[in-house]
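Basis for what follows: all heavy atoms, side chains included, without hydrogens, waters or symmetry-related copies. Just so it is clear: chains get the letters A, B, ... in the order the sequence lines come, proteins before strands, and each one is counted from 1.
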Amino acid sequence: MLVLPKGVRHIPRFLDIDEQRALVAEIRDVVRAAPLYVPVMPRSGKPMSVRMTNCGTLGWVTDKEQGYRYQDVHPVTGEPWPAMPGRLSRLWEEVAGYPHPPEACLVNFYEPEAKMGLHQDRDEADFDAPVVSISLGDSCLFRIGERTRGGRTVSLRLDSGDVVILGGEGRLCYHGVDRIYPDTSPLLKKPGRINLTLRRVTLPADSSA
DNA sequence: AAGTGACA
DNA sequence: TCAT
């Protein structure tokens, strides 16, 4: 029996095939305006194996000099990020349980060989808002742990249309992608997987609850 | 530091 | 798993 950490919710096939296709079309528009680029690790400058872009008012970026951060422009083009598609804002409203809109949607494209090491999403000012993750295309082996490194981890397969929510006690759980299962979905024209993560970055102006 | 390699 |  697979037990997820508290605060971590996996909703298999939350999006039906038509919704997935519509989302992919919107992401293609995003990528046309804000091209995928290869992010590199702070200090070492080592490249990550995924390619990234963002939409929304802010985007998560990393480079050798300044490291992990959010900024309002694409690091290569210098242009503002494309707007958050309404479909993603609505999805957030449905599942986030948080009364303010997402500010960033990080778009990660995994080629079949790509991986993502275990990490926390901790570059946001607001940890009360969840992180909402959407899988599109090829399936992957996702691994999630506790809020400290070296704790127990559990692995689960994520398929196209699945949604994972890291909220509450699960908000800062370590997580990563160990492998992509090639040719497991016909959704994308190219082999691979798209992951979208919706985040609230800044504290809302009226967060004095 | 979301990568990687040394080490047990 | 740890150091980085």
Enquirer: Are A:Glu19 and A:Arg90 close enough for a salt bridge, meaning some N to O gap below 4.0 Å?
Expert: no
Enquirer: Under a 4.0 Å threshold between the charged nitrogen and the carboxylate oxygen, would A:Asp178 count as salt-bridged to A:Arg143?
Expert: yes
Enquirer: Rounded off to whole Å, could you give me the OH-to-P distance for the A:Tyr174 and B:dA2 pair?
Expert: 7 Å
Enquirer: Can you tell me the distance, in whole Å, between the CG atom of A:Asp121 and the P atom of B:dA2?
Expert: 11 Å
Enquirer: Taking only Lys NZ, Arg NE, NH1 and NH2, and the carboxylate oxygens of Asp or Glu, determine whether A:Asp63 and A:Arg69 approach each other closer than 4.0 Å.
Expert: yes
Enquirer: Only one of A:Leu187, A:Leu188, A:Val177 clears side-chain contact (heavy atoms from CB on, under 4.5 Å) with A:Arg193; which?
Expert: A:Val177
Enquirer: How long is the line joining CZ of A:Arg199 and C1' of B:dA2, in whole Å?
Expert: 10 Å
Enquirer: Output yes when at least one side-chain N/O atom of A:Arg149 is less than 4.0 Å from OP1 or OP2 of B:dA2, else no.
Expert: yes
Enquirer: So what's B:dT4 paired with, Watson-Crick or G-U wobble, going by both distances under 3.5 Å?
Expert: C:dA3
Enquirer: On the 0 to 90° scale, with breaks at 30° and 60°, tag the A:His74-A:Trp81 ring pair as parallel, tilted or perpendicular.
Expert: tilted
Enquirer: Calculate the interatomic distance between A:Glu113 atom CD and B:dG3 atom P; express it in whole Å.
Expert: 15 Å
Enquirer: Could you list by number each residue of residues 55-68 of chain A showing a heavy-atom separation from DNA chain B of less than 4.0 Å, or answer none if no residue does?
Expert: A:Trp60, A:Tyr68
Enquirer: Using a cut-off of 6.0 Å, state whether more than 12 heavy atoms not belonging to A:Arg122 lie near its atom CZ.
Expert: no
Enquirer: In whole angstroms, how far is the C1' atom of C:dC2 from the CG atom of A:Leu118?
Expert: 13 Å
